[in-house]
Amino acid sequence: MGRITLENVTKRFGDVEVIPPLNLDINDGEFVVFVGPSGCGKSTLLRLIAGLEDTSGGRILIDGQDATATPPAKRGLAMVFQSYALYPHMSVRKNIAFPMRMAGVPQDEQDRRIEAAAKALNLTNYLDRKPGQLSGGQRQRVAIGRAIVREPSAFLFDEPLSNLDAALRVGMRLEISELHNRLDTTMIYVTHDQVEAMTMADKIVVLQAGRIEQVGSPMELYRAPKNLFVAGFIGSPKMNLIEGPTAAEFGATTIGVRPEHIAVSGTEGRWKGRIGVSEHLGSDTFFYVEDTGLAETITVRAGGNIDLHHGDTVWLTPDIAEMHRFDARGDRIA
Amino acid sequence: MATRQTASLARLMRAPAIILLLIWMIVPLGMTLYYSFLNYNLLNPAGTSWAGWFNYRYFYTDPAFFDAIRNTLVLVLGVLVITVVGGIAIALLIDKPIWGQGIVRILIISPFFVMPPVAALIWKNMIMHPSYGVFADIAKFFGAQPVDWFAQFPLTSIIIIVAWQWLPFATLILLTALQSLDGEQMEAAEMDGAGALSRFIHLTLPHMARAITVVILIQTIFLLGIYAEILVTTNGGPGNASTNLTYLIYRAARLNFDIGGAAAGGIIAVILANLVAIFLMRAVGKNLD
Ligand SMILES: Nc1ncnc2c1ncn2[C@@H]1O[C@H](COP(=O)(O)OP(=O)(O)O)[C@@H](O)[C@H]1O
Ligand SMILES: [Mg+2]
């Protein structure tokens with residue numbers, strides 16, 4: 001079981017309120033991603049749940065029990081740190097065994113769980129190495145192994161992939177998702193990378209300056225961002241935000257159109273512009289269109305075979321049905 | 001090819017320094033070795049003659065000799081134990097942010113700046129003196145008989161003084177090691193259910209192993225040659241109770257003017273130092289690579 005409830009949880013460092021009173025429900029077995037820009041309080045929130053920081057106010061409930069004052073080891077949660085935090089002088093086997101040793105798990109049970117974890121994480125051949133002799137991805141897996149063997153009620157990950165190179169990151173992303181499908185345990189995952197959030201989450205929590213901007217499934221956030229911040233944060237490349245008279249035409253202060261919802265043509269359309277940079281990825285082409293008079297650049301996604309280049313004059317036509325409208329306060333107009 | 005050239009060039013460039021160091025070491029060592037086989041007394045330099053193994057036999061049969069070796073080892077070991085254990089304890093204490101941390105750290109380091117004879121004199125006359133020392137005052141306050149430290153516990157007293165001088169060094173080295181310990185590792189261990197003691201044993205101590213080794217090796221080098229503290233306090237007595245090998249050699253050379261005997265003692269001290277070094281490298285040296 002791993003149901004976690006935050007009730008008016010607050011955190012202050014001295015006079016600075018990093019997390020204003022915050023409420024959140026995390027259901028058993030859910031994969032929840034906290035996403036937001038650097039410094040918005042994601043790590044702090046995760047550490048509050050882990051018990052590594054004391055709350056300044058509010059309550060944390062784990063499976064309905066008040067755990068606000070429970071020490072970290074007693075909360076039944078396992079954490080994977082950004083730096084992996086492996087014990088450098090212990091072999092991989094000893095690293096993975098450490099939490100079980102501390103809990104007094106019998107030796108044969110320890111061996112069984114290490115065996116299983118090593119097999120699942122492809123570490124069987126490395127059990128007798130020291131962390132210093134492993135690659136970044138292997139260290140990451142050891143850190144996950146150390147968390148798995150505790151059989152926690154929830155896993156906490158703090159930017160676990162940020163120290164890996166791009167290719168490895170995609171691989172580990174899949175592995176963690178598979179792990180979640182297999183174990184069916186609650187996972188709380190912190191990242192500043194919206195792609196990780198979109199691809200892995202059952203539920204995304206978008207944070208800004210310690211406040212929750214929106215909670216929802218990846219597609220809910222993509223289809224109906226509650227405000228300008230979420231609209232700009234979710235989706236890659238970013239949504240185009242247009243203000244001024246063009247927005248007023250649609251009865252809004254700001255309108256947002258995603259690059260994939262704009263049709264581009266060399267002959268006719270609604271908005272005229274000139275192609276600045278064009279990125280041909282093979283499957284897709286991204287145009288950064290200038291001189292539209294709407295915004296500095298408008299990003300447009302087109303098919304891979306389109307024959308338009310830098311300097312060409314183009315016409316853009318937004319898909320009105322997929323357009324997002326925001327009022328003067330930045331909130332979504334339904 | 002290129003690397004082989006670089007290597008031989010590097011060897012060539014290193015050579016002058018190494019040769020100079022070698023001469024620096026070999027010449028005095030050779031002279032000491034030579035003198036140790038001579039009957040050479042400063043009171044009668046004209047009567048210098050070949051002595052063979054006499055000086056060594058003389059040292060060997062001197063009842064003070066084995067006392068001196070034992071005292072040397074006890075002194076080194078005693079100071080090492082106190083400074084390493086005490087150093088770890090103090091480092092753990094001042095690693096935590098406390099009010100007035102800067103001043104506390106300077107106070108803790110300051111004994112290191114007091115030169116050995118001065119430190120020993122202060123301990124002798126102001127702290128351990130049986131009638132006006134601080135310890136005597138404390139004893140009298142509790143109605144106890146003051147302890148005459150240098151008469152009753154001569155070697156222990158010297159160990160205390162020397163440990164006091166070396167504690168700052170150990171503390172400083174161990175503190176820097178402690179400060180480089182990764183905070184996330186500690187938090188991970190905390191989440192893994194390790195209590196404060198387990199974290200100390202399984203994380204802090206292994207992390208400090210290298211620093212502890214450095215402290216032990218460096219201190220041993222200096223502790224084998226302790227001399228000033230003995231000279232100004234007990235003069236090696238009572239009897240031979242606080243005479244170490246260095247002090248025994250000093251006695252042979254400066255009190256008996258026996259250069260040959262002193263040289264033989266010096267050679268024995270060199271051999272002892274090497275034995276200790278080999279033992280130490282075997283015991284703790286693996287922490288250094
Ligand atoms: N121990 C601390 N003392 C003071 N301020 C802190 C501390 N830890 C974090 N902060 C501040 O809290 C804010 C949120 O930090 P953090 O949770 O690490 O952000 P994120 O993980 O989202 O990048 C930052 O402004 C940071 O400077
Ligand atoms: Mg962070």
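In this text the structure is predicted, and so the values were computed from the model without any measurement.
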Run the side chain to side chain contact (heavy atoms under 4.5 Å, CB included) test on A/Y87 and B/L203 for me, step by step, so that the C-alpha distance in whole Å, both residues' side-chain angles and the decisive distance to 0.1 Å come before the verdict. CA-CA 7 Å; A/Y87 311 128; B/L203 290 183; 3.3 Å; yes
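Residue contact with chain A, scored on non-hydrogen atoms closer than 4.5 Å, involves the backbone and the side chain of B/A189 alike. Heavy-atom distances place the side chain of A/R101, and not its backbone, under 4.5 Å from chain B. Proximity to chain B (any heavy atom under 4.5 Å) is shown, for A/A103, by neither the backbone nor the side chain. With a 4.5 angstrom heavy-atom cutoff, A/M90 touches chain B only via side-chain atoms.
Ion pairing between A/E109 and A/R112 holds under the 4.0 Å rule for side-chain N and carboxylate O.
Listed options A/G51, A/P71, A/A78, A/P88 were ranked by heavy-atom pairs under 4.5 angstrom with chain B; first place goes to A/P88. Here A/S83 is the residue among A/P152, A/A147, A/S83 with the most heavy-atom pairs under 4.5 Å with chain B.
No option in B/E190, B/E184, B/E187 other than B/E187 meets the salt bridge (charged side-chain N to carboxylate O under 4.0 Å, His left out) test with A/R47.
Taking a 6.0 Å sphere around CD of A/Q65, one finds it holds 12 or fewer heavy atoms contributed by other residues, nucleotides or ligands.
Once rounded to the nearest 0.5 Å, the distance linking CD1 of B/I159 with CZ of B/F153 reads 12.5 Å.
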